[in-house]
Every structure is written in C-alpha cells, then in structure tokens.
2 protein chains.
Amino acid sequence: MQSPRSNQDRTEKTRAALLSAARGLFIEKGYAETSTPEIVAAAGITRGALYHHFQDKRDLFRAVVAEEASAVAAAIEGRASASMQPVAALIAGSFAYLEAMHAPGRTRLLLIEAPAVLGMAEIQALDEANAARTLREGLEAAFSQAGRDPGLPLAALTDLLSAAFDRAALAIDAGGSAADYGAAISVLIRRLVLN
Amino acid sequence: MQSPRSNQDRTEKTRAALLSAARGLFIEKGYAETSTPEIVAAAGITRGALYHHFQDKRDLFRAVVAEEASAVAAAIEGRASASMQPVAALIAGSFAYLEAMHAPGRTRLLLIEAPAVLGMAEIQALDEANAARTLREGLEAAFSQAGRDPGLPLAALTDLLSAAFDRAALAIDAGGSAADYGAAISVLIRRLVLN
DNA sequence: CTAATTAACATACAGGCTGTATGTATGCAA
DNA sequence: TTGCATACATACAGCCTGTATGTTAATTAG
C-alpha cells in the first residue's frame with residue numbers, strides 16, 4: 001500500500017477484467033467462436049497480457065469454468081440443511097441445483113462446452129470437488145434411513161442421478177417445462193430411495 | 001453401368017473415403033484438433049473434393065455423427081422384441097444401448113463432441129428420430145401395464161432416463177465398472193416403473 | 001456423333017487466429 | 001541507485017478455414 005498501483009493490484013484487476021470479458025463472450029458465442037483478440041478488446045488490454053496470465057486460451061476457459069462451477073456450488077450451499085429429512089434434503093438440493101444452473105448460458109458453458117474443451121476427466125474431477133460428493137452422501141443417508149443399502153452400486157447411482165439433474169437443467173434452459181422436469185426429478189428420487 | 005467410372009460411382013467412393021477418414025480422425029483426436037488437410041490426406045484426395053461434397057468441416061462432422069448414430073440405432077434394433085414384458089424389454093434395450101455405445105470413441109463423438117459442435121438442438125432431433133421415441137414408448141407401456149400413468153411427466157422422465165443411459169455409457173467407457181452401472185440402470189428402471 | 005454443359009474434382013489465394021519471441025516500462029529489492 | 005523481475009505491449013511465424021478459379025472427365029442436347 002505504498003505505490004499508486006502495486007503489482008498485485010494490477011494483476012488482480014487485469015485477471016478479473018479478462019475473466020469477466022471471457023465469460024461474457026464464451027457464454028454468448030461459445031468457446032470455438034470466441035477469439036482471443038475479441039476477448040482482450042472487450043477487457044481493454046492486449047493479447048500479451050492474456051498470455052502472461054494464462055498459458056493459453058484453454059487455460060483461460062478453464063478458469064472461467066472453475067469460477068462458474070464454484071458459483072453454482074455456492075448457490076446450493078446451505079439450501080439442503082442437515083435438519084431436513086434425507087429425502088427432503090435431496091430434493092431440496094436438486095431444486096437448488098436446477099435454479100442455480102438457470103443463470104444465462106451456464107448450462108451450455110458447464111454441461112456442453114466444458115466437457116468438449118477440457119475433457120470429461122477434468123470435468124469429473126471438478127464435479128467431484130463440488131456437487132457429486134454432496135449428492136452421494138445425501139443418497140447414502142436416504143438409503144440407510146430407508147434401510148436398504150446392501151449391494152446397491154451407490155457411486156454409479158449417484159453418477160446417473162447427477163446426469164439426470166444435468167439433463168433437466170439443460171432441458172429447462174432449452175425451453176422445457178420446469179414444472180415437468182422438477183416433478184420428474186422428484187419422482188425419480190422418491191421412487192429410487194423410498195420403497 | 002457403361003463408363004469405366006460413372007460420376008455416381010466416383011461420388012460414392014469419394015464420400016465414403018472422406019467419411020471413413022474423418023471418423024477415424026475425429027474419434028482419435030476430436031473435432032477441433034483435426035484439420036481438413038489431415039482428413040483429405042488420410043482419404044487420399046484434396047480439400048477441393050471435401051468442399052465439393054460438404055459445405056464445410058461441420059457439415060462433414062454432422063455426416064459422420066449421423067452415420068454413427070444410425071449404427072447405434074441399428075445395433076439396438078430388434079434387441080428388445082415385442083414378445084418381452086415391458087420392463088424386461090426396457091432393460092434389454094438399455095443394455096443393448098450400452099453395448100452399442102461401447103465401440104471405440106463413440107461416447108466421446110456422440111455424447112461429448114457432437115453437442116458442442118452441432119448444438120444441443122440438432123442432437124436432440126437426431127436422438128428423437130433414433131432412440132428417444134422407442135424409449136418413451138417402452139416407458140409408457142411399462143407404466144400402463146403397472147397401472148400408474150396419471151399425472152406423470154412421461155416425456156421429461158424419458159429424457160432423464162436417457163441422460164442416465166448416456167452417462168452410464170460414458171462412465172463405462174472411461175473405465176467404470178460395467179457391472180455397477182448396468183446394475184444401477186436396472187435398479188433405476190425397476191424402481192421407477194414397478195412399485 | 002459431336003458440341004455444349006455440367007459434375008467432380010485440384011490448385012491457388014485471402015484473411016484470421018493461435019502461440020511465441022521480443023521489446024519496454026514500472027514496481028521492487030538490495 | 002542499481003539491478004532484477006514482473007506486467008504488460010508489439011511483432012512475427014505458421015497453420016487453418018473457406019472461397020475463387022482452373023482443369024478434366026462424364027453426361028446431355030441437337
């Protein structure tokens with residue numbers, strides 16, 4: 001806090017401007033159709049700065065995706081409180097997820113483009129860190145309360161359910177009936193867990 | 001059948017060579033990392049021929065995807081015969097799908113790259129023409145046999161199930177346990193349909 | 001049967017984009 | 001204040017896509 005602009009400050013501002021501009025363009029036009037000249041123009045800097053802060057275009061995209069994924073996780077956080085019944089918590093969490101994913105362009109960015117650009121492996125790791133673990137624990141709790149753990153492939157079921165949520169988010173974003181997909185999610189969870 | 005090489009013949013051979021070469025490269029390296037010079041070199045022709053037969057690179061990709069999707073549909077065809085019980089038919093069809101998707105590179109091509117390159121709308125239309133309708137009819141039959149249609153959002157449920165199948169195919173392809181995912185699919189269907 | 005037209009390519013070109021290499025100015029540390 | 005590293009900006013090389021233009025062979029018209 002001595003110079004008019006410390007290096008740390010400059011870096012933060014530049015990175016933030018880059019991320020914001022990139023997110024807007026990636027959401028609007030997709031990864032492939034967005035050029036780095038466009039991004040830096042929108043951010044008010046030059047390509048030199050971009051390649052100073054990020055290794056390449058993909059690396060910048062990765063940062064945007066991570067940011068967005070963590071925003072989704074944050075939006076869900078706390079929506080399914082520990083005081084709820086397991087099944088109710090599962091359903092509340094699912095609806096929170098659908099709501100959070102409804103932000104403009106999020107489904108396309110996170111569910112369509114990210115797997116193609118970054119590869120499924122990276123996305124899976126990111127999911128695991130954010131939502132998947134919570135979901136699996138919720139499922140586990142619900143199952144164990146209903147007393148029917150034995151032999152069920154819990155991890156696989158978690159994965160399949162998570163895929164169903166993703167598809168629901170995508171479908172709603174594409175104009176599908178939120179009520180229908182919400183009901184379908186609800187039915188799916190209840191039938192799976194309760195007998 | 002008069003000339004040593006009729007135009008029709010030439011066209012067919014060239015298109016086939018192009019599609020085959022493109023499929024191999026798209027599967028091996030993905031859409032973005034595959035260049036048209038590479039494709040035509042592998043096919044033994046020039047870029048002029050490619051752009052004569054297809055509007056652009058995406059159009060060629062679209063043709064490859066359509067071919068592959070129809071191969072999957074063909075592989076499933078007949079696996080779920082009308083003589084089976086509805087639920088058994090559903091499960092048989094699901095397993096046939098998982099098997100058909102296990103061909104090298106198919107999950108990546110059809111489930112990861114195609115939505116990103118062609119857009120979700122086109123993929124949905126393609127799915128609808130191939131697998132989704134069959135699935136919905138199967139679900140409907142199973143539900144009506146179990147006597148519990150009223151009020152269920154059938155189309156949405158079909159969509160979610162289809163997403164679960166896709167994820168299972170992806171997960172198995174990525175090294176997940178085919179037994180676990182198969183069991184999970186089986187459980188999901190049974191719990192959903194039977195009470 | 002020949003002339004004209006069109007289809008099926010091959011070649012050449014223009015523009016744009018990515019990543020890197022290089023230059024410069026400013027903060028920071030000794 | 002002198003030297004070094006950081007945060008950029010500028011310049012460059014190579015590749016790729018799509019189009020425009022040429023060429024050869026097949027098909028159609030007269």
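Keep in mind it's a predicted model, so treat the numbers as computed, not measured. Labels below follow one simple rule: chain letters A, B, ... track the order of the sequence lines, proteins then strands, and each chain is numbered from 1.
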For this session: Starting from C1' on C/dG16, measure out to NZ on A/Lys29 and report it in whole angstrom.
Result: 12 Å
Exercise. Starting at CZ of A/Arg5 and ending at C1' of D/dT6, how long is that distance when rounded to a whole Å?
Worked result: 15 Å
For this session: Would you kindly give the CG-to-C1' distance between B/Asp56 and C/dG15, to the nearest whole Å?
Result: 17 Å
For this session: For A/Lys13 and C/dT26, give me the distance from atom NZ to atom P, rounded to whole Å.
Result: 19 Å
For this session: List the atom of A/Ser94, the atom of A/Ile189, and the distance in Å for their closest heavy-atom pair.
Result: OG-CD1, 3.4 Å
Problem set entry | Nearest-neighbour nucleotide for the A/Ala49 side chain, C/dT18, D/dA9, D/dG18 considered | D/dA9
Exercise. Any idea which heavy atoms bring A/Pro153 and B/Ala184 closest together, and the distance?
Worked result: CG-N, 3.9 Å
Seminar exercise, completed: Sorted by position of nearest nucleotide on DNA chain C, 5' first, the leading residue of A/Glu38 and B/Thr14 is B/Thr14
For this session: Would you please confirm or rule out a distance under 4.0 Å between OP1 or OP2 of D/dT17 and any side-chain N or O of B/Thr36?
Result: yes
Problem set entry | Euclidean distance, atom CZ of residue B/Phe54 to atom P of D/dT17 [Å, nearest integer] | 15 Å
Exercise. Counting only side-chain N and O atoms of A/Arg10, is one of them less than 4.0 Å from OP1 or OP2 of D/dC8?
Worked result: yes
For this session: Give the rounded distance in Å between these two atoms: OH of B/Tyr51 and C1' of C/dA14.
Result: 14 Å
Problem set entry | Closest nucleotide among C/dG19, C/dC17, C/dA10 to the A/Pro37 side chain | C/dC17
Problem set entry | Given DNA chain D, 5'-ward residue of the pair A/Ile45 and B/Lys57, judged by closest heavy atom | A/Ile45
Seminar exercise, completed: Closest to the side chain of A/His52, out of C/dT18, D/dC8, D/dT17, is D/dC8
Problem set entry | Any donor-acceptor N/O pair, A/Thr158 side chain to A/Leu154 backbone, under 3.5 Å | yes
For this session: Please determine if A/Arg136 and A/Glu128 form a salt bridge, counting it only when a charged side-chain N lies under 4.0 Å from a carboxylate O.
Result: yes
Problem set entry | Interatomic distance, B/Asp9 CG vs C/dC9 P [rounded to whole Å] | 11 Å
Exercise. Of all the nucleotides listed (C/dC9, D/dC8, C/dC17), which has the minimum atom distance to the side chain of B/Thr46?
Worked result: C/dC9
Problem set entry | Under-4.0 Å side-chain N/O to phosphate OP1/OP2 contact, A/Thr11 with D/dT6 | no
Exercise. Looking at the side chain of B/Ser6, which of D/dG18, C/dA10, D/dT27 is the nearest nucleotide?
Worked result: D/dT27
For this session: Remember a base hit wins even if backbone is also touched, and classify B/Ser35 as base, sugar-phosphate or nothing at under 4.0 Å, heavy atoms.
Result: sugar-phosphate
For this session: Applying side chain to side chain contact (heavy atoms under 4.5 Å, CB included) between A/Leu192 and each of A/Leu161, A/Val187, A/Leu90, report the one that passes.
Result: A/Leu161
Exercise. What is the distance, rounded to the nearest whole Å, between atom CD of A/Gln8 and atom C1' of C/dT26?
Worked result: 16 Å
Exercise. How about A/Ser186 and A/Arg190: does a side-chain donor come under 3.5 Å of a side-chain acceptor?
Worked result: yes
Problem set entry | Under-3.5 Å donor-acceptor pair between B/Arg47 side chain and D/dG18 base | yes
Problem set entry | Phosphate-side-chain proximity, A/His53 and D/dA7, N/O vs OP1/OP2 below 4.0 Å | no
